[in-house]
Amino acid sequence: MKQLHLYIILSLFLLTTSCSPKKGPYAVTNKVYNEQAEAFAQTLLQTEPVVLTDSLGRKLVSEWVGTVNFNLRKPNYVVIHYTAQDSAAQTLKTFTITKTQVSAHYVIGGDGRIYHMLNDYLRAWHGGSGKWGNGTDVNSSSIGIELDNNGKSPFNDAQINSLVILLAHLKKSYNIPTANFIGHQDLAPTRKVDPGKYFPWKKLAEKGFGYWSNDVLELAPEGFDVATALRLIGYDTSNLNAAISAFKNHFIQADSSPVLSQLDLNVLYNVYQKY
């Protein structure tokens with residue numbers, strides 16, 4: 001009976017937090033979402049102990065003893081993308097077709113409308129292969145937000161205003177550190193360039209979502225180790241040129257060449273001290 005009650009609670013949680021209407025243009029995909037959420041609820045209720053054997057094929061004694069100390073996945077990062085598509089509708093279609101194998105928790109249209117596509121506690125497929133700090137599976141620890149933008153033009157004010165409000169909600173709800181608001185290029189510098197040079201990282205930093213350099217910059221010391229500084233911020237420096245370009249797209253935004261001017265070095269020196 002207790003298991004039945006837990007099953008009902010989990011099912012209601014996953015279904016109600018999906019916020020999926022029963023009618024409309026996405027009724028079919030919303031139904032699939034709910035069915036998959038139901039399957040996950042059933043998986044969470046499995047209480048069969050692990051079955052293991054030793055090198056001689058003898059079964060090890062094991063039993064299930066449920067702990068009382070656990071919770072759901074807690075996101076610790078927010079990764080911001082641009083869609084590189086022509087409309088929010090096109091992106092919603094992309095994220096509701098299985099063959100694309102890509103998704104995000106949120107899509108924000110150019111008009112500021114927010115599309116919540118996946119429960120925050122579930123894992124979206126938005127980051128792909130990449131690395132940030134010591135983490136090589138960013139999807140498992142992050143929330144992905146896609147902004148309707150083709151990468152060739154500035155972001156709309158309504159869109160950024162909605163993003164700021166959403167980020168404030170996420171930061172408060174999950175206690176996400178200021179440093180953990182990053183872009184797709186930051187974690188995948190050899191593959192991605194989004195959210196691009198038009199993204200207003202400075203404005204976000206002023207509101208507590210990521211860091212930005214001070215107005216007055218201290219001169220980077222002689223012999224300043226660029227690779228170490230980038231690595232301490234979080235960048236994968238196995239391809240140093242790509243890491244430098246990603247840093248400049250985020251914190252300089254004047255150009256993305258892998259060459260660091262003295263001003264660029266000063267900015268890097270200033271920023272890395274914040275991490």
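Taking a 6.0 Å sphere around NZ of K93, one finds it holds 12 or fewer heavy atoms contributed by other residues, nucleotides or ligands. Within 6.0 Å of CD on Q101 lie more than 12 heavy atoms contributed by other residues, nucleotides or ligands. Other residues, nucleotides and ligands contribute only 12 or fewer heavy atoms inside 6.0 Å of the NZ atom of K31. Residue-environment remark: NZ (K74) exceeds the threshold of 12 foreign heavy atoms within 6.0 Å.
V79 is listed as a side-chain neighbour of H126, based on a closest heavy-atom distance under 4.5 Å. I80 has its side chain within reach of V78: a pair of non-hydrogen atoms, C-beta onward, lies under 4.5 Å apart. Looking at heavy atoms from C-beta onward, I160 lies in side-chain contact with K203 at the 4.5 angstrom threshold. Y115 is not listed as a side-chain neighbour of E146, based on a closest heavy-atom distance of 4.5 Å or more. In this structure the side chain of F199 reaches within 4.5 angstrom of the side chain of L163, judged on heavy atoms. The shortest side-chain heavy-atom distance between V107 and M117 falls under the 4.5 Å cut-off. Within the 4.5 Å cutoff, the side chain of R113 has no heavy atoms near those of the I108 side chain. Considering only heavy atoms from C-beta on, F209 stays 4.5 Å or farther from T178 through its side chain.
A donor-acceptor contact shorter than 3.5 Å links the side chain of N239 to the backbone of A242. When atom types are taken as modelled, the side chain of K248 and the backbone of S257 share a donor-acceptor pair closer than 3.5 angstrom. N150 contributes a side-chain N or O that, together with a main-chain N or O of K152, makes up a donor-acceptor pair within less than 3.5 Å. A donor-acceptor pair under 3.5 Å is formed between the side chain of H116 and the backbone N or O of L118. Distance alone, capped at 3.5 Å, is enough to place a donor-acceptor pair between the S103 side chain and the W125 backbone. In terms of modelled atom types and a separation under 3.5 Å, the side chain of T237 and the main chain of L240 share no donor-acceptor contact. In this structure, N139 contributes its side chain and G127 its backbone to a donor-acceptor pair below 3.5 Å. A donor-acceptor pair is defined here as one N or O able to donate and one able to accept, closer than 3.5 Å; such a pair exists between the side chain of D225 and the backbone of A227. Of the possible polar contacts, one joining the N161 side chain to the D157 backbone as a donor-acceptor pair under 3.5 Å is found. Listed for the D148 side chain is no donor-acceptor partner under 3.5 Å among the backbone atoms of G109.
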| request: Please test N270 against E218 for side-chain contact (heavy atoms from CB on, under 4.5 Å), starting from the C-alpha separation and ending with a verdict. | output: CA-CA 7 Å; N270 181 264; E218 183 180 352; 5.8 Å; no
| When you look at I145 and L170, which way does the side-chain contact (heavy atoms from CB on, under 4.5 Å) test go after all the steps? | CA-CA 11 Å; I145 301 176; L170 296 174; 4.0 Å; yes
| task | Check the pair V259, I244 against side-chain contact (heavy atoms from CB on, under 4.5 Å), reporting the backbone distance first and the verdict last. | result | CA-CA 8 Å; V259 179; I244 291 173; over 6 Å; no
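Rounded to the nearest 0.5 Å, atoms CD (Q46) and CH2 (W64) are 9.0 Å apart. From N180, atom CG reaches atom OG of S142 across 10.5 Å, with rounding to the nearest 0.5 Å. Expressed to the nearest 0.5 Å, how far NE2 of H81 lies from NE2 of H184 amounts to 5.0 Å. Note: N266 CG to S213 OG = 10.0 Å, rounded to the nearest 0.5 Å. In this structure, CG in D236 is found 10.0 Å from OG1 in T136, a value given to the nearest 0.5 Å. In this structure, CD in Q273 is found 10.0 Å from CG in L268, a value given to the nearest 0.5 Å.
With respect to Y272, the side-chain contact (heavy atoms from CB on, under 4.5 Å) criterion is satisfied by exactly one of V267, L230, I233: I233.
Checked by atom type, the side-chain pair R58/T53 shows no donor-acceptor distance below 3.5 Å. A donor-acceptor contact closer than 3.5 angstrom links the side chains of K274 and N214. Between the side chains of N76 and Y174, not a single donor N or O lies within less than 3.5 Å of an accepting N or O.
Between R123 and S140, the shortest heavy-atom contact is NE-OG, 2.8 Å. Across every non-hydrogen atom of S256 and S245, the tightest pair is O-OG, 2.7 Å. Of all heavy-atom pairs spanning Y82 and N149, the tightest one is CB-O, 3.7 Å. In terms of heavy atoms, A246 sits closest to P189 at CB-CB, 3.8 Å. The minimum heavy-atom distance linking D120 with Y106 is given by the pair OD1-OH, 2.8 Å. Between L265 and F224, the shortest heavy-atom contact is O-CE2, 4.0 Å.
For an aromatic pair to be called close, the ring centres must be under 6.0 Å apart, and F181 with W201 fails this. Here Y275 and Y211 bring their ring centres to under 6.0 angstrom of each other. For Y198 and F155, the ring centers are positioned 6.0 Å apart or more.
There is no path of hydrophobic side-chain contacts, each under 4.5 Å, that joins I97 to L92. Clustering ILVMFWY residues whenever any of their side-chain heavy atoms sit less than 4.5 angstrom apart, transitively, puts I182 in the very cluster that holds L232. Under a hydrophobic-cluster definition in which Ile, Leu, Val, Met, Phe, Trp and Tyr are linked whenever side-chain heavy atoms come within less than 4.5 Å, directly or via other members, I252 and L263 are assigned to the same cluster.
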